[in-house]
Protein chains: 2
Amino acid sequence: MKTRRTQPRELRRRQLIESTIDSIARRGLAETRMADVAAGAGMSVGIVNFHFDSKQTLLAETLGYLSDEYYDAWTRARENAPADPLAQVEALIGMHFEPRICNQRRVAAWSAFFGEAGTRPTYQALCQKFDDEYLAQLVDLFGELIGPGEHARRAAMLLLALWDGLWQNLLLNPGGFSAAESEAVCLEWLHGLPLAKSGR
Amino acid sequence: MKTRRTQPRELRRRQLIESTIDSIARRGLAETRMADVAAGAGMSVGIVNFHFDSKQTLLAETLGYLSDEYYDAWTRARENAPADPLAQVEALIGMHFEPRICNQRRVAAWSAFFGEAGTRPTYQALCQKFDDEYLAQLVDLFGELIGPGEHARRAAMLLLALWDGLWQNLLLNPGGFSAAESEAVCLEWLHGLPLAKSGR
DNA sequence: TCATCCACTGAATGATCGTTCAATCAAACA
DNA sequence: TGTTTGATTGAACGATCATTCAGTGGATGA
């Protein structure tokens with residue numbers, strides 16, 4: 001059996017990735033050291049290079065981990081909501097501000113990677129991995145809500161940008177608006193849209 | 001007279017700051033080297049430490065330079081627009097997507113600093129320097145447009161977040177939505193607001 | 001023309017950090 | 001219990017970079 005080798009390996013990798021997120025949130029991406037990551041996981045300096053090819057690989061896999069986690073949360077939010085398009089969008093808005101996804105550690109890490117993504121093809125690809133799909137899903141939902149066409153496309157674009165901007169704001173102004181207020185901003189916008197006949 | 005010393009000094013400092021923005025836009029903040037900045041300005045390696053105390057000082061002053069430039073653009077946009085609140089907001093929206101402010105170099109630099117601002121008090125302070133004022137001005141404008149209170153506050157918050165998010169999107173999806181489309185998204189939102197009696 | 005003053009140069013320095021690897025340890029199996 | 005296998009350690013290494021500073025050059029004023 002390979003339990004001994006493979007199982008601990010995956011466990012360690014996850015621990016190290018979580019420790020990387022911690023370090024990015026506490027010290028920033030630029031100040032994150034291999035030694036910090038190892039110490040954060042309670043291990044010695046050489047461990048990261050044993051489980052990951054290099055620091056770059058570790059960081060890329062950390063971003064991929066966050067990206068997959070976000071994708072899961074998105075998918076599950078839709079699955080657990082009524083099939084009605086308004087309820088679907090409301091569920092997605094709610095998901096963006098629930099503590100499991102929208103917490104200081106996660107948002108700080110996302111923001112740090114975004115800041116470097118403009119000049120790093122690897123990060124850019126990972127950030128965009130599901131973007132087309134998110135956009136397409138929202139365009140469909142808004143098509144049902146306010147009718148298909150350019151308006152639906154713009155509504156989808158607005159909501160995606162709004163999530164990014166509100167997350168950024170939560171991070172930079174910790175004493176400012178709360179997650180609850182940010183969610184209220186999204187919902188107020190949604191409920192102010194000129195719904196087509198068949199809404200709710 | 002001190003012309004010889006002080007005048008070239010300020011000129012060099014500005015050249016080095018512009019070269020820093022170039023380097024951040026091309027290589028990223030993490031990959032920006034003192035040697036890159038000097039070479040970009042056509043000078044030798046030691047020059048940056050001659051005009052700035054350290055790399056950290058150079059980067060902080062670069063962010064301050066961007067912040068002041070943005071403040072000027074904001075102020076001038078309002079000055080050059082009719083006093084009417086709707087026209088004022090439209091002018092601010094237009095300013096956010098005109099090439100002088102919304103170009104790849106500037107937006108890439110902003111985004112890079114934002115990514116590090118969460119963990120660097122110096123950057124955070126510079127990013128937030130005028131934030132309270134921007135918010136207050138928008139709350140006033142929306143107070144006139146849709147009536148004062150929580151709704152005006154949320155509209156102001158939404159627009160600020162939207163600008164951030166749309167800029168981020170322009171940077172990460174260069175082949176996606178254009179600046180013109182981003183502006184259209186803002187304007188469409190603005191014109192869909194339930195205006196108070198005295199609008200326009 | 002000479003002296004002075006600085007902006008500027010770039011080789012040298014030293015600190016920081018990612019990476020390597022020989023040695024150690026511990027779990028699983030015979 | 002002894003053996004094997006692979007995870008883990010951490011000291012040492014080497015590369016990269018910010019920073020320094022003794023020296024250069026050229027402009028200014030006498």
Side-chain angles (χ1 to χ4, degrees), chain A residues 1-24 26-63 109 112-113 116 119-120 122-123, chain B residues 1-24 26-63 109 112-113 116 119-120 122-123:
Chain A
M1 286 265 270
K2 288 190 160 187
T3 14
R4 204 177 18 164
R5 180 172 51 203
T6 63
Q7 217 264 359
R9 174 158 268 261
E10 275 316 300
L11 176 67
R12 285 280 175 260
R13 288 170 58 88
R14 209 167 321 138
Q15 287 174 338
L16 290 170
I17 285 174
E18 286 288 345
S19 177
T20 304
I21 297 173
D22 273 341
S23 178
I24 295 174
R26 222 190 322 266
R27 284 176 266 266
L29 185 52
E31 293 296 313
T32 285
R33 310 275 170 254
M34 297 290 262
D36 296 333
V37 172
M43 315 191 84
S44 72
V45 285
I47 195 68
V48 189
N49 283 284
F50 184 77
H51 289 291
F52 297 88
D53 287 347
S54 66
K55 185 180 184 182
Q56 282 318 309
T57 305
L58 170 68
L59 293 175
E61 294 209 25
T62 301
L63 179 52
F113 281 117
E116 285 293 309
T119 52
R120 295 223 193 210
T122 311
Y123 294 172
Chain B
M1 286 263 272
K2 289 187 159 188
T3 14
R4 208 174 16 162
R5 180 173 50 205
T6 63
Q7 215 266 359
R9 176 159 266 262
E10 274 317 300
L11 176 67
R12 284 279 175 261
R13 287 170 60 89
R14 208 167 323 138
Q15 287 173 339
L16 291 170
I17 285 174
E18 285 289 346
S19 177
T20 304
I21 297 174
D22 273 340
S23 178
I24 295 173
R26 222 190 322 266
R27 286 176 264 267
L29 185 52
E31 293 295 314
T32 285
R33 310 277 171 252
M34 297 291 262
D36 296 334
V37 172
M43 315 190 83
S44 73
V45 284
I47 196 67
V48 189
N49 283 282
F50 185 77
H51 289 291
F52 296 89
D53 286 349
S54 67
K55 186 180 183 180
Q56 281 318 310
T57 305
L58 169 70
L59 293 176
E61 294 209 24
T62 300
L63 180 52
F113 281 116
E116 286 293 309
T119 52
R120 295 221 192 211
T122 310
Y123 294 172

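So you know, we letter chains A, B, ... as the sequences are listed, proteins then strands, and number each from 1.
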Next item on the list: Go along nucleotides 13-20 of chain D 5' to 3' and tag each nucleotide: B for a protein heavy atom under 4.0 Å from its base, S when only backbone or sugar atoms are that close, - otherwise.
Entry: ----SSBB
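- A 4.5 Å side-chain heavy-atom check between A/Phe52 and A/Arg12 finds every atom pair outside the cut-off.
- Counting to the nearest Å, the C1' atom of C/dT24 and the CD1 atom of A/Ile47 are 13 Å from each other.
- Rounded to whole Å, atom P of C/dA7 lies 13 Å from atom CG of B/Leu16.
- A/Arg26 meets the salt bridge (Lys or Arg N to Asp or Glu O under 4.0 Å) test with no other residue; sequence neighbours excluded.
- Legend: residues meeting side chain to side chain donor-acceptor pair (under 3.5 Å) with B/Ser54, ordered by chain and number and at least two apart, are B/Thr57.
- With sequence neighbours left out, the salt bridge (Lys or Arg N to Asp or Glu O under 4.0 Å) criterion links A/Arg14 to no other residue.
- Between the CG atom of A/Leu11 and the C1' atom of D/dA7 there is a distance of 12 Å, given to the nearest Å.
- Regarding A/Leu58, its CG atom lies at a distance of 14 Å from the C1' atom of C/dT19, rounded to whole Å.
- Sorted pairs that involve residues 42-53 of chain B and meet side-chain hydrogen bond (donor to acceptor under 3.5 Å, both in side chains), not counting sequence neighbours, are lacking altogether.
- Regarding contacts with the backbone of C/dC6, every side-chain N or O of B/Arg9 stays at 4.0 angstrom or more from both OP1 and OP2.
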Distance-only donor-acceptor pairs under 3.5 Å for side chains of residues 29-36 of chain A, two or more places apart:
{"unit_1": "A/Glu31", "atom_1": "OE1", "unit_2": "A/Arg33", "atom_2": "NH2", "d": "3.2"}
{"unit_1": "A/Glu31", "atom_1": "OE2", "unit_2": "B/Arg120", "atom_2": "NH2", "d": "3.4"}
{"unit_1": "A/Thr32", "atom_1": "OG1", "unit_2": "A/Ser23", "atom_2": "OG", "d": "3.0"}
{"unit_1": "A/Thr32", "atom_1": "OG1", "unit_2": "A/Gly28", "atom_2": "O", "d": "2.8"}
{"unit_1": "A/Arg33", "atom_1": "NH1", "unit_2": "A/Ala30", "atom_2": "O", "d": "3.3"}
{"unit_1": "A/Asp36", "atom_1": "OD2", "unit_2": "A/Arg27", "atom_2": "NE", "d": "3.2"}
{"unit_1": "A/Asp36", "atom_1": "OD2", "unit_2": "A/Arg33", "atom_2": "N", "d": "3.1"}

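- Rounded to whole Å, atom C1' of C/dA7 lies 8 Å from atom CZ of B/Arg12.
- Separating the NE2 atom of A/His51 from the C1' atom of D/dT9 is a distance of 12 Å, rounded to the nearest angstrom.
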